[in-house]
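Encoded as structure tokens, the structure appears first; notes follow it.
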Amino acid sequence: MNKKIQVVFYKTPAGNEPVREWLISLDLEDKKSIGSDIKTVEYGWPIGMPVSRSLGNSLYEVRSNISHKRIARVIFTIIDSYMVLLNGFIKKTQKTPQNEIDLALKRAKDIK
């Protein structure tokens, strides 16, 4: 089976990759869980709930359940055939925090 989209990390003007750095900071079990969900999107795009959903403004989220009953989100956009990972965080509220969406929007504008 071939990937339908290819994952790339958003890179800041200084060369940092915030989502990659966030993922590296997580426990191995959590990394594997989030990585598996990202892989599901890569091979199954377009894909909906429960793995992914649209946030509007050309943003989507990968939805992951990780250890200790926590929830992780990776916000991404699609550019050509690339899934650009813009922001990753541990979700602490029912609704995706607006500041996390705003950060992803800002990063998306940086690359367009």
Side-chain angles (χ1 to χ4, degrees):
M1 188 189 237
N2 293 331
K3 290 182 183 181
K4 295 188 177 178
I5 54 176
Q6 185 76 32
V7 168
V8 293
F9 289 91
Y10 163 79
K11 195 176 280 193
T12 67
N16 298 336
E17 295 175 324
V19 177
R20 184 187 303 267
E21 293 164 11
W22 172 73
L23 285 169
I24 289 169
S25 76
L26 299 174
D27 294 341
L28 181 60
E29 180 183 336
D30 295 341
K31 286 182 216 181
K32 285 181 179 180
S33 179
I34 295 167
S36 176
D37 291 334
I38 290 170
K39 183 178 173 183
T40 299
V41 175
E42 278 184 284
Y43 284 90
W45 186 256
I47 191 168
M49 295 287 279
V51 178
S52 178
R53 78 176 182 104
S54 172
L55 296 174
N57 294 314
S58 299
L59 294 180
Y60 303 88
E61 66 180 1
V62 176
R63 305 161 51 86
S64 299
N65 293 313
I66 58 174
S67 64
H68 309 294
K69 297 184 179 181
R70 294 177 302 157
I71 298 168
R73 295 290 186 259
V74 176
I75 300 177
F76 67 96
T77 192
I78 302 293
I79 298 177
D80 298 324
S81 59
Y82 293 95
M83 174 186 185
V84 183
L85 306 183
L86 300 168
N87 190 17
F89 59 96
I90 305 294
K91 198 169 168 195
K92 294 179 171 68
T93 61
Q94 184 89 20
K95 191 173 179 194
T96 301
Q98 189 61 47
N99 66 315
E100 302 290 356
I101 294 170
D102 291 344
L103 178 58
L105 279 170
K106 179 189 174 306
R107 290 175 177 171
K109 286 178 187 170
D110 287 349
I111 56 176
K112 288 186 180 179

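FYI, the numbering just counts along the sequence from 1.
Hydrophobic cluster membership differs between I75 and I66, with clusters built from Ile, Leu, Val, Met, Phe, Trp and Tyr side chains linked at under 4.5 angstrom. Under the 4.5 Å side-chain heavy-atom criterion for ILVMFWY residues, no single connected hydrophobic cluster contains both F9 and I79. Two different hydrophobic clusters hold V7 and I111 under the rule that ILVMFWY side chains link at heavy-atom gaps under 4.5 Å.
Under the side chain to side chain contact (heavy atoms under 4.5 Å, CB included) criterion, K3 pairs with Q6, E42, Y43, not counting sequence neighbours. Residues that satisfy the side chain to side chain donor-acceptor pair (under 3.5 Å) test with Q94, not counting sequence neighbours, are absent from this structure. Partners of T96 by side chain to side chain donor-acceptor pair (under 3.5 Å), not counting sequence neighbours, listed by chain and number: E61. With sequence neighbours excluded, the residues satisfying side chain to side chain contact (heavy atoms under 4.5 Å, CB included) with L103 are N87, R107. In terms of the side chain to side chain contact (heavy atoms under 4.5 Å, CB included) criterion, residue partners of T12 (sequence neighbours excluded) are, by chain and number, Y10, A14, N16, P18. Not counting sequence neighbours, the partners of T40 by the side chain to side chain contact (heavy atoms under 4.5 Å, CB included) test are I47, V51.
Summarising the geometry, atom CD belonging to Q98 is positioned 8.0 Å from atom CG belonging to L105; distances are rounded to the nearest 0.5 Å. Annotation: the span from I78 atom CD1 to I5 atom CD1 amounts to 3.5 Å, rounded to 0.5 Å.
Under the ring-ring contact (aromatic ring centres under 6.0 Å, His included) criterion, no residue pair touches residues 15-40, with sequence neighbours excluded. Sorted by first and then second residue, the ring-ring contact (aromatic ring centres under 6.0 Å, His included) pairs involving residues 84-112 (not counting sequence neighbours) form an empty list. Applying the salt bridge (charged side-chain N to carboxylate O under 4.0 Å, His left out) test to residues at least two apart or on different chains, none of the pairs has a partner in residues 76-104.
In terms of heavy atoms, V74 sits closest to V19 at CG1-CG1, 4.3 Å.
Put simply, the side chain of F76 reaches to within 4.5 Å of the side chain of V41, judged on heavy atoms. For the pair L85 and I38, the minimum side-chain heavy-atom distance is below 4.5 Å. Within the 4.5 Å cutoff, the side chain of M83 has no heavy atoms near those of the V8 side chain.
A donor-acceptor pair under 3.5 Å is formed between the side chain of T77 and the backbone N or O of S58.
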Please tabulate, for side-chain N and O atoms in residues 26-37, each donor-acceptor pair with protein atoms closer than 3.5 Å (sequence neighbours left out).
from, atom 1, to, atom 2, distance (Å)
D30, OD1, S67, N, 3.0
D30, OD1, S67, OG, 2.9
D30, OD2, S67, OG, 3.2
D30, OD2, R70, NH2, 2.6
K31, NZ, I24, O, 3.3
S33, OG, N65, O, 3.0
D37, OD2, S64, OG, 2.7

